[in-house]
A.B. asks: 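Pasting in a structure now, in structure tokens, and then I'll have a few things to ask.
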Amino acid sequence: MQTSIQENTGQSVDLAIAPDGASAPQMQLPEIEERILECVQRAIRAVSMETKALREETGVDLRTHSDEKSRILLELSRLTDSIDVTRLSSSVTSELLVLRKLLDENQQVLQRHLEAVREITEVLSKAMLAAESDGTYGAQTTE
């Protein structure tokens, strides 16, 4: 699966082994960059949609968002595994910077969401325990 791409020479390289064991088609570096750019733009859309849904507090299916982000990350990892990412064009690196910013923002929103869920769970748990208790084993106060 590991291959190397020569630095911006435009030479064709074999990127990866296809799942069925056959070699992947030969691609030029500009083609790889184009695929990376498309992948990053899909990631930007996916992360933005999840963040927006969390902020609007609509019924958010986190599993669906997580699965989509995982698929995109896997594809991006495969595309960048064998290239020198420091040699990517400025259009790709600028989109990666946008994605990084959106991921940081998404992480913050997800963290707040999880903290809220944790607090609600704690309140419900205490309320259920209080409702089930007859006071027999509760703290005794002496006056």
Side-chain angles (χ1 to χ4, degrees), residues 1-8 12-143:
M1 185 165 223
Q2 290 289 352
T3 59
S4 62
I5 294 179
Q6 296 178 5
E7 306 167 358
N8 286 331
S12 297
V13 294
D14 184 9
L15 279 183
I17 302 301
D20 63 359
S23 292
Q26 301 279 321
M27 283 194 283
Q28 302 288 331
L29 187 57
E31 291 175 288
I32 296 166
E33 282 191 334
E34 184 177 324
R35 289 186 59 194
I36 290 171
L37 188 58
E38 290 170 2
C39 188
V40 169
Q41 289 169 344
R42 279 197 328 273
I44 288 171
R45 283 191 300 274
V47 170
S48 295
M49 287 173 49
E50 179 184 44
T51 304
K52 180 181 177 187
L54 285 166
R55 282 199 170 126
E56 292 175 353
E57 297 179 11
T58 60
V60 180
D61 182 2
L62 291 176
R63 164 86 69 203
T64 301
H65 288 287
S66 179
D67 289 348
E68 183 176 6
K69 290 188 300 184
S70 293
R71 282 191 300 273
I72 294 169
L73 177 61
L74 177 63
E75 181 181 351
L76 188 59
S77 294
R78 287 179 176 167
L79 286 169
T80 59
D81 249 359
S82 58
I83 63 170
D84 181 1
V85 293
T86 62
R87 302 221 184 256
L88 290 172
S89 68
S90 61
S91 61
V92 175
T93 55
S94 67
E95 287 295 294
L96 284 168
L97 290 172
V98 168
L99 177 59
R100 176 58 187 238
K101 180 182 174 232
L102 290 173
L103 284 169
D104 289 343
E105 182 182 343
N106 180 261
Q107 180 183 10
Q108 292 172 358
V109 172
L110 279 169
Q111 185 64 36
R112 283 194 305 266
H113 181 77
L114 290 173
E115 288 170 6
V117 169
R118 190 175 306 117
E119 287 178 23
I120 291 168
T121 302
E122 186 177 315
V123 168
L124 290 173
S125 176
K126 286 179 181 178
M128 289 174 60
L129 287 172
E132 290 178 359
S133 174
D134 64 2
T136 304
Y137 298 105
Q140 299 289 326
T141 58
T142 57
E143 292 184 43

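Throughout, residue positions are numbered sequentially from 1 according to the sequence presented. Bear in mind that the values here come from a model prediction, so they are computed numbers and not experimental data.
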A.B. asks: Just wondering, more than 12 heavy atoms not from Glu115 lying within 6.0 Å of its CD?
C.D. replies: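 Enclosed: over 12 neighbouring heavy atoms sit under 6.0 Å from CD of Glu115.
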A.B. asks: Test side chain to side chain contact (heavy atoms under 4.5 Å, CB included) on Val98 and Val40 and set out the steps.
C.D. replies: CA-CA 9 Å; Val98 168; Val40 169; over 6 Å; no
A.B. asks: Could I get the full list of side chain to side chain donor-acceptor pair (under 3.5 Å) partners for Ser66, not counting sequence neighbours?
C.D. replies: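 With sequence neighbours excluded, Ser66 shows a side chain to side chain donor-acceptor pair (under 3.5 Å) to no residue whatsoever.
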A.B. asks: State the NZ-CD1 distance between Lys101 and Ile44, to the nearest 0.5 angstrom.
C.D. replies: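 It is 11.0 Å, given to the nearest 0.5 Å.
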A.B. asks: Under 3.5 Å, side chain of Ser125 to main-chain N/O of Thr121, donor-acceptor pair present?
C.D. replies: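 Side chain of Ser125 to backbone of Thr121: no pair is present.
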A.B. asks: If you apply the rule salt bridge (Lys or Arg N to Asp or Glu O under 4.0 Å), what do you find for Lys126 with Glu122, and how did you get there?
C.D. replies: CA-CA 6 Å; Lys126 286 179 181 178; Glu122 186 177 315; 3.3 Å; yes
A.B. asks: Could I get the full list of side chain to side chain donor-acceptor pair (under 3.5 Å) partners for Arg112, not counting sequence neighbours?
C.D. replies: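 Expected list: none.
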A.B. asks: Would you give the length of the straight line joining atom CG of Leu129 to atom CG of Leu124, rounded to the nearest 0.5 angstrom?
C.D. replies: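 Reported to 0.5 Å precision, the distance equals 11.0 Å.
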A.B. asks: As an exercise, state the distance from CZ of Arg78 to CG of Asp81, rounded to the nearest 0.5 Å.
C.D. replies: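 Reported to 0.5 Å precision, the distance equals 9.0 Å.
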A.B. asks: Which atom pairs, one a donor and one an acceptor, fall under 3.5 Å between side chains of residues 90-97 and the rest of the protein, sequence neighbours left out?
C.D. replies:
| residue | atom | partner | partner atom | Å |
| --- | --- | --- | --- | --- |
| Ser91 | OG | Ser89 | OG | 3.1 |
| Thr93 | OG1 | Ser89 | O | 3.3 |
| Thr93 | OG1 | Ser90 | O | 3.1 |
| Ser94 | OG | Ser90 | O | 3.1 |
| Ser94 | OG | Ser91 | O | 3.0 |

A.B. asks: Where do Gln111 and Gln107 land on the side-chain hydrogen bond (donor to acceptor under 3.5 Å, both in side chains) test, with the steps shown first?
C.D. replies: CA-CA 6 Å; Gln111 185 64 36; Gln107 180 183 10; 6.0 Å; no
A.B. asks: Just to verify, what does Glu56 make a side chain to side chain donor-acceptor pair (under 3.5 Å) with, not counting sequence neighbours?
C.D. replies: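 Listed in chain order: nothing, the list is empty.
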A.B. asks: Using every non-hydrogen atom in the two residues, find where Ile32 and Leu79 come nearest and quote the distance to one decimal.
C.D. replies: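 Smallest heavy-atom distance, with atoms named: CG2-O, 4.0 Å.
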A.B. asks: Any side-chain heavy-atom pair from Arg55 and Glu105 closer than 4.5 angstrom?
C.D. replies: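 A side-chain contact exists here, since the closest heavy-atom pair is under 4.5 Å.
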A.B. asks: Are the side chains of Leu73 and Ser77 in contact, using a 4.5 Å heavy-atom criterion?
C.D. replies: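 They are in side-chain contact.
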A.B. asks: Which residue pairs pass the salt bridge (charged side-chain N to carboxylate O under 4.0 Å, His left out) test with at least one member in residues 37-50, sequence neighbours excluded?
C.D. replies: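 Salt bridge (charged side-chain N to carboxylate O under 4.0 Å, His left out) check on residues 37-50 returns Arg42-Glu75, Glu50-Lys69.
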A.B. asks: Once side chain to side chain contact (heavy atoms under 4.5 Å, CB included) is applied, do any residues pair with Glu68, and if so which ones, sequence neighbours excluded?
C.D. replies: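 If we apply the side chain to side chain contact (heavy atoms under 4.5 Å, CB included) test to Glu68, skipping adjacent residues, the hits are Ala46, Arg71, Ile72.
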A.B. asks: Should Leu62 and His113 be marked as a side chain to side chain contact (heavy atoms under 4.5 Å, CB included) after you check the CA-CA gap, both sets of side-chain angles, and the distance that decides it?
C.D. replies: CA-CA 11 Å; Leu62 291 176; His113 181 77; 4.0 Å; yes
A.B. asks: Quick check: do Thr80 and Leu76 have side-chain heavy atoms less than 4.5 Å from each other?
C.D. replies: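 Of all side-chain heavy-atom pairs linking Leu76 with Thr80, at least one is under 4.5 Å.
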A.B. asks: Using the side chain to side chain contact (heavy atoms under 4.5 Å, CB included) rule, take Ile36 and Ile83 through it: C-alpha gap first, then chi angles, then the decisive distance, then the call.
C.D. replies: CA-CA 11 Å; Ile36 290 171; Ile83 63 170; 3.6 Å; yes
